[in-house]
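Okay, so here's the structure we're looking at.
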Amino acid sequence: MDVHQIAEIFFETAEFLEMKGENPFKVRAYDKAARVIDGLAKPVEYYAEKGELESIPGIGKSIAEKITEILKTGKCRYHEDLKKEFPPAILTLMNIQGLGPKKAYVLYKEMKIGSVEELEKAAREGKLRDLKGFGRKTEENILKGIEMAKSQGGRLLIGTALPMAEEIIAHLKKLPEVRAISEAGSLRRRRETIGDIDILVASSESKPIMEAFVRLPIVKEILAKGDTKASVLTAENLQVDLRVVSPESYGAALQYFTGSKEHNIKLRTMAEAMGYKINEYGVFRVKDNKKIAGETEESVYKVLGLQMIPPEIRESGEEIKAAQKGEIPRLVAMEDIKGDLHVHSHWSDGVNTFEELAGQAQSMGYEYIGLSDHSQSLKVAKGLTPERMKKQGKEIDELNKKFKNFTILKGVELDILPDGKLDFEDELLEKLDVVTASVHSNFKQDKKTITGRLCSACKNPNVDIIGHPSGRIMGQRDGYEVDWDEFLKTAARTETAVEINSFPERLDLRDTYCKELKDMGGKVTINTDAHNVHHFAWMKFGVSVARRGWLEDKDVLNTYSKDKLLKWLKSRKEK
DNA sequence: GCCGTTTTCGGCCCGACTGTTTTCAGTCG
């Protein structure tokens, strides 16, 4: 059973319970359990088989039993019973901005409204304004919310959201009142998709900033505007939230608005036990309400006895335990990257010449690129035959003679064929510097077959890297089915690196699997899969994924110098 | 419902904004 389906059952359970006015902490327990399950790196079955479900933080006896039940029957009795109490589409009401469980429940109880269509009709007829807790304004907002929900296409890729945020920040930065500014929220944590853009400003004068913000050219509509906080909607129906705090509170506010929710709850609970209180204005000593930290983020963590925790790993709370023990590693960073091992040229489906690619890579400070045009089977991408490979190799050799302190490594993106065989013979592969093997065909095969294809590629000593291992393209397709535990173990054991593909739609290997692979002793490479020179810029998204997966420079092959990399590649073949 | 170098019972993060109220509940992050 897919973890997301299990998580969904608990998400819904939480929402039903909240509508019914159940104990809010019980609601939160289900909500938390759902989020925890959704983020598990190992399959739930792994814990269930070992009887270790309750060892997962946030999962206790009751929810563990329900997970077991779901794994066995596909359903949860408790959830099914709750579902029966409401019309089938009632939860969709809560997708409407401004409508939460309480109002949704009133709508159902008083007017038998159970779907967005019924809600829209009632609102248009002016029937909502007389309900308790509702009014004309609420009715208007509901209609607006319905329009928004209709036109909104869900979450945005970080590759889309980050440039938008950077543009807004660049605009606001010009204001003389702005002392400091940063993105916050899931964007700053560099999640792969973003629900809305959060921006935080430090200033002693919030008013002119709020005014300038709501008048930005991108703003289509102002959703809310107070003294220090405003929300707007862009023409693309993306919500942007701005918060202004005084410079003395900037660090505390940045910490607070970066989240995650889970991380903040853990941090605040911990602070309370130490006699402190944290809010977005600072850390305060409870006994005399004296502020003891808050100007910088570092100060907030320091006063709690914690190492500074990078935003990318502020998720489950596990990072807080590590920070207490001083075990937060120095995460890999853009400046560590010394090359890109997955690059296409005009020889296959890329557009640039070797010289152009090399020039761009050199301008980024790289020592090398690994040229990896497609192999012969991928005919739609002008895959190279062995003859063309040989010819390409010669051209690269010639070109390399002209470079100083830069090298094009000879390589290929080798198709893993449907039967698990590879697209080139070993004697050709042996002559290459670096071989990336990828699945490009027969995505519908079952999990065992696909996993077998990936693992048999790992077992060939001539294969150095597995490219975009899940095959997903966010917003387009889910990717093929992989037994991750088996695949990652095989990759680690055979010392085959796994690629983090930096294409914003791919970001594949994903963060949670990075951490799992690291724990198994495996290595990754962070590559762009560039098909033109501009794609090199996407490296930063791959680096973010690696950081979210707690990876250090030693875990990432392309942080190695050229000599160290070649030595590593050679040594693993000899084993 | 979960959890415990205070606890197996009694807690559970915290504040801004809105709209409906006449002091506050609901929603959001």
Side-chain angles (χ1 to χ4, degrees), chain A residues 10 13-15 17-19 21-36 53-67 78 93-107 128-142 144-145 184-189 194-200 206 210 222-231 239-245 249 252-253 255-284 286 317 321 324:
Chain A
F10 291 126
T13 302
E15 288 186 314
L17 292 174
E18 198 172 10
M19 270 200 289
E22 259 283 3
N23 175 359
F25 299 107
K26 184 170 168 178
V27 173
R28 192 202 283 169
Y30 276 103
D31 188 67
K32 183 182 169 184
R35 273 181 290 128
V36 167
L53 285 169
E54 286 182 55
S55 72
I56 305 169
I59 308 291
K61 189 164 175 288
S62 169
I63 293 184
E65 276 170 11
K66 291 187 176 76
I67 295 172
Y78 185 57
L93 292 184
M94 281 184 260
N95 296 335
I96 308 299
Q97 172 106 271
L99 258 192
K102 297 285 190 253
K103 283 201 161 70
Y105 189 63
V106 171
L107 288 169
L128 301 183
R129 61 187 69 163
D130 298 326
L131 286 172
K132 188 166 180 281
F134 288 64
R136 275 174 178 279
K137 196 82 195 179
T138 311
E139 203 171 69
E140 267 174 44
N141 285 339
I142 285 175
K144 261 192 221 166
S186 56
L187 186 61
R188 184 158 179 253
R189 300 201 312 279
I194 306 298
D196 57 21
I197 292 177
D198 295 306
I199 292 172
L200 180 73
S206 70
M210 304 300 281
I222 302 167
L223 297 174
K225 179 169 167 262
D227 291 339
T228 62
K229 194 177 159 182
S231 296
Q239 186 172 326
V240 185
D241 296 338
L242 175 78
R243 182 72 187 262
V244 180
V245 297
S249 301
Q255 192 290 314
Y256 172 60
F257 290 111
T258 297
S260 67
K261 189 176 167 184
E262 203 63 39
H263 176 88
N264 284 358
I265 290 174
K266 286 255 163 65
L267 208 65
R268 286 174 186 217
T269 309
M270 189 189 141
E272 199 192 0
M274 297 168 76
Y276 302 138
K277 193 181 93 140
I278 308 180
N279 56 28
E280 59 260 57
Y281 303 111
V283 183
F284 299 86
V286 173
K321 280 183 199 151
Q324 272 173 325

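These values consider heavy atoms only, across backbone and side chains, with no hydrogens, waters or symmetry-generated copies. Just so it is clear: chains get the letters A, B, ... in the order the sequence lines come, proteins before strands, and each one is counted from 1.
- Within the structure, side-chain hydrogen bond (donor to acceptor under 3.5 Å, both in side chains) contacts touching residues 273-283 of chain A (residues at least two apart or in different chains) are A:R243-A:E280, A:R243-A:Y281.
- Candidate nucleotides B:dG1, B:dG26, B:dC13 were compared by shortest atom distance to the side chain of A:K66, and B:dG1 ranks first.
- As rounded to the nearest Å, B:dT8 and B:dC14 have C1' atoms that lie 28 Å from one another.
- Evaluation of the salt bridge (Lys or Arg N to Asp or Glu O under 4.0 Å) rule for A:E272 yields no partner, not counting sequence neighbours.
- In this structure, A:E18 atom CD and B:dA25 atom P are separated by 16 Å, rounded to whole Å.
- Here the separation of B:dT7 from B:dC17, taken at their P atoms, is 40 Å to the nearest Å.
- Rounded to whole Å, atom C1' of B:dG29 lies 13 Å from atom CG of A:D31.
- Following rounding to the nearest Å, A:L17 (CG) and B:dC2 (C1') show an atom-to-atom distance of 14 Å.
- Remark: P of B:dG26 and CE of A:M19 are 14 Å apart, rounded to the nearest angstrom.
- A:L99 comes within contact range of the sugar-phosphate backbone alone, with a heavy-atom separation under 4.0 Å but no base atom that close.
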Between the protein and nucleotides 7-9 of chain B, which nitrogen or oxygen pairs are less than 3.5 angstrom apart?
none

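- Atom CE of A:M210 is separated from atom NZ of A:K229 by 9.5 Å, given to the nearest 0.5 angstrom.
- Contacts of A:E139 classified as salt bridge (Lys or Arg N to Asp or Glu O under 4.0 Å), with partners at least two apart in sequence or in another chain: A:R129.
- For A:S206 (side chain) and A:D227 (main-chain N/O), a donor-acceptor pair under 3.5 Å exists by modelled atom type.
- Side-chain N/O atoms of A:D196 and base N/O atoms of B:dG29 include no donor-acceptor pair closer than 3.5 Å.
- Base pairing of B:dT18: its partner is B:dA25, meeting the Watson-Crick or G-U wobble criterion (both donor-acceptor distances under 3.5 Å).
- B:dT21 and B:dT27 have their P atoms separated by 14 Å, with the value rounded to a whole Å.
- Counting non-hydrogen atoms under 4.0 angstrom, A:P101 reaches the backbone sugars and phosphates but no base.
- Under the salt bridge (Lys or Arg N to Asp or Glu O under 4.0 Å) criterion, A:D241 pairs with no residue at all, not counting sequence neighbours.
- Between B:dT20 and B:dC28, the two P atoms lie 15 Å apart (nearest whole Å).
- Comparing A:Q97 and A:I59 against DNA chain B, the residue whose closest nucleotide sits nearer the 5' end is A:I59.
- Taking atom NZ of A:K102 as the reference point, atom P of B:dC28 lies 13 Å away to the nearest angstrom.
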For residues 54-65 of chain A, which side-chain donor-acceptor pairs fall under 3.5 Å, sequence neighbours excluded?
from  : atom 1 : to    : atom 2 : distance (Å)
A:S55 : OG     : A:E52 : O      : 2.6
A:K61 : NZ     : A:E65 : OE2    : 3.4
A:S62 : OG     : A:K66 : NZ     : 2.9

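- The NZ-C1' distance, from A:K32 to B:dC3, rounds to 9 Å in whole Å.
- For the pair A:A104 and A:R28, both in contact range of DNA chain B, the more 5′-proximal nearest nucleotide belongs to A:R28.
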For nucleotides 14-22 of chain B, give me one character per nucleotide, 5' to 3': B if any protein heavy atom sits under 4.0 Å from the base, S if the only such contacts are to the sugar-phosphate, - if neither.
BSSSSSS--
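- Atom CZ of A:R189 and atom P of B:dG29 are 13 Å apart (whole Å).
- A side chain to side chain donor-acceptor pair (under 3.5 Å) with A:T258 is found for one member of A:R188, A:H263, A:R189 and no other, namely A:R188.
- You'll find the side chain of A:Y256 stays beyond 4.5 Å of the side chain of A:I278, heavy atoms only.
- Residues that satisfy the salt bridge (Lys or Arg N to Asp or Glu O under 4.0 Å) test with A:K26, not counting sequence neighbours, are A:E22.
- For A:D196, there are no side chain to side chain donor-acceptor pair (under 3.5 Å) partners, not counting sequence neighbours.
- Rounded to whole Å, atom P of B:dG1 lies 16 Å from atom CG of A:L53.
- Distance noted for atom P between B:dC13 and B:dC3: 13 Å (whole Å).
- B:dT5 and B:dG1 are spaced 23 Å apart, taking the P atom of each and rounding to whole Å.
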